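Quick note: numbers below take in every heavy atom, side chains included, and nothing from hydrogens, waters or symmetry partners. Fair warning: this is a prediction, and the values are worked out from it, not measured in the lab.
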Amino acid sequence: MTRTVKFLTLLMALILMTTIAQAKTVKRYSLESGMIEYKVIGGGNILGVISETKGRSTLYFKNYGAVTLEEQETTTTMSGMVSKEDKAHTMKKIDNAAVYTVDFENKKINKGTDPIASQYLASGKNMSADSDAQLRKMGGKKIGTEKVLGYSCDVWSILGGKQWLYKGQVPLRVEAVIMGMKSGMVAVQASFNKSVPDSKFQLPDY
């Protein structure tokens, strides 16, 4: 076998290995990484009960969204015919097609599977490239472009609300009205394509 043939054989093997590795990774975003902090707001008046929700939410992702972690902490106060205060704390990590949901109240972590991600893993297709098509399948309609924190976003009308998506995939603002109750969040800080510490993806040690 000549050196040229050996080189070509090795090159083809490397390309095949790279293809296989890519097929095992879900590419949710066209951006390599991101760190986003949101302000959460909401509330309304239903039958004389006035509610107001405030809080914060974060989204971290790396490897083009193959690994993501979302965490949210909110406080909802109700007044009027009923007066009380509810606190909520949620956390979800996605590692390719595996989904980990934290139950802070019972101190346990539930594991599930993202069916859409599983389909993309099986097909080897690029999930981020199909983001517009997936939104349209859910009844979404692109209605314009606006900037959030200086980032140009596509604005989508979908499921009775709106989403402001950077690069067509990353939410920088979300708002919805369901049965007269408003809910939403808007990014107050965002950075992309920078190294995200591994500590940002750690789950509680339950």
Side-chain angles (χ1 to χ4, degrees), residues 28-29 31 34-61 65 68-94 99-110 112 114 116 131-132 134-192 196 200-201 203-204:
R28 289 181 171 83
Y29 305 124
L31 297 159
M35 295 183 285
I36 312 164
E37 295 183 15
Y38 304 89
K39 176 176 68 174
V40 179
I41 54 175
N45 185 336
I46 297 181
L47 300 176
V49 178
I50 301 171
S51 71
E52 182 180 24
T53 298
K54 293 181 179 180
R56 59 180 291 275
S57 183
T58 54
L59 168 63
Y60 303 109
F61 67 88
T68 72
L69 188 137
E70 301 173 53
E71 183 175 13
Q72 187 174 106
E73 294 181 84
T74 59
T75 299
T76 300
T77 56
M78 287 179 278
S79 59
M81 297 177 63
V82 177
S83 296
K84 66 176 183 176
E85 181 179 275
D86 289 329
K87 294 183 180 292
H89 186 190
T90 61
M91 179 184 287
K92 180 174 72 174
K93 179 179 179 178
I94 302 178
V99 181
Y100 303 88
T101 305
V102 179
D103 182 342
F104 287 100
E105 185 175 354
N106 296 302
K107 294 186 177 180
K108 66 178 183 179
I109 297 174
N110 301 307
D114 181 339
I116 295 177
S131 55
D132 280 17
Q134 291 294 335
L135 287 166
R136 289 192 172 93
K137 281 183 181 179
M138 294 187 290
K141 182 180 179 181
K142 192 183 296 186
I143 57 176
T145 58
E146 293 181 14
K147 287 188 176 182
V148 179
L149 294 179
Y151 296 101
S152 181
C153 299
D154 292 329
V155 185
W156 286 79
S157 173
I158 182 170
L159 300 175
K162 289 183 181 180
Q163 295 184 15
W164 285 251
L165 304 178
Y166 178 51
K167 297 294 183 181
Q169 303 119 23
V170 183
L172 293 187
R173 181 178 173 186
V174 178
E175 63 179 36
V177 180
I178 301 174
M179 297 179 65
M181 296 294 292
K182 295 181 180 179
S183 63
M185 61 183 189
V186 59
V188 293
Q189 290 187 34
S191 63
F192 302 101
V196 182
K200 299 296 186 182
F201 301 96
L203 296 172

Indicate yes or no: at least one non-hydrogen side-chain atom of [X] is less than 4.5 angstrom from one of [Y].
{"X": "D114", "Y": "R28", "value": "yes"}
{"X": "K84", "Y": "D86", "value": "yes"}
{"X": "W164", "Y": "V186", "value": "no"}
{"X": "L31", "Y": "V170", "value": "yes"}
{"X": "K142", "Y": "D132", "value": "yes"}
{"X": "Y60", "Y": "K93", "value": "no"}
{"X": "C153", "Y": "R173", "value": "no"}
{"X": "K92", "Y": "T101", "value": "yes"}

Any side-chain to backbone donor/acceptor pair from K182 onto E175? Under 3.5 Å, distance only.
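Checked: no pair found.
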Are the side chain of Y38 and the backbone N or O of P171 linked by a donor-acceptor pair below 3.5 Å?
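Pair found, side chain donor or acceptor close to backbone of P171.
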Interatomic spacing from [atom1] in [X] to [atom2] in [Y] - rounded to 0.5 Å:
{"X": "M138", "Y": "I158", "atom1": "CE", "atom2": "CD1", "result": "4.0 Å"}
{"X": "K39", "Y": "R56", "atom1": "NZ", "atom2": "CZ", "result": "14.0 Å"}
{"X": "I50", "Y": "S83", "atom1": "CD1", "atom2": "OG", "result": "9.5 Å"}
{"X": "T77", "Y": "E85", "atom1": "OG1", "atom2": "CD", "result": "6.5 Å"}
{"X": "I41", "Y": "E52", "atom1": "CD1", "atom2": "CD", "result": "9.5 Å"}
{"X": "K54", "Y": "T76", "atom1": "NZ", "atom2": "OG1", "result": "11.5 Å"}

Quick check: closest heavy atoms across [X] and [Y], and the distance to 0.1 Å?
{"X": "S152", "Y": "K147", "answer": "CA-CG, 4.0 Å"}
{"X": "I109", "Y": "V102", "answer": "CG1-CG2, 4.3 Å"}
{"X": "M181", "Y": "S51", "answer": "CE-OG, 2.8 Å"}
{"X": "Q189", "Y": "L149", "answer": "N-CD1, 3.7 Å"}
{"X": "S131", "Y": "G168", "answer": "OG-O, 3.5 Å"}

Kindly check if the number of other-residue, nucleotide or ligand heavy atoms within 6.0 Å of CD (E105) is above 12?
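Open: at most 12 neighbouring heavy atoms sit under 6.0 Å from CD of E105.
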With a 6.0 Å cut-off (strictly less than), is the heavy-atom count around CD1 of I46, excluding the residue itself, greater than 12?
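Above 12, so yes.
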Return yes if a side-chain donor-acceptor contact under 3.5 Å exists between E71 and H89, otherwise no.
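Per modelled atom types, E71 and H89 side chains form a pair under 3.5 Å.
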Intermediate values then yes/no, side-chain contact (heavy atoms from CB on, under 4.5 Å), K167 and Y29
CA-CA 8 Å; K167 297 294 183 181; Y29 305 124; over 6 Å; no
Worked verdict on T58 versus K200 for side-chain contact (heavy atoms from CB on, under 4.5 Å):
CA-CA 10 Å; T58 54; K200 299 296 186 182; over 6 Å; no
Parallel, tilted or perpendicular, as decided by the 30° and 60° cut-offs, for the rings of F192 and F61
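Taking F192 first and then F61, their aromatic rings sit tilted (interplane angle of 30° to 60°).
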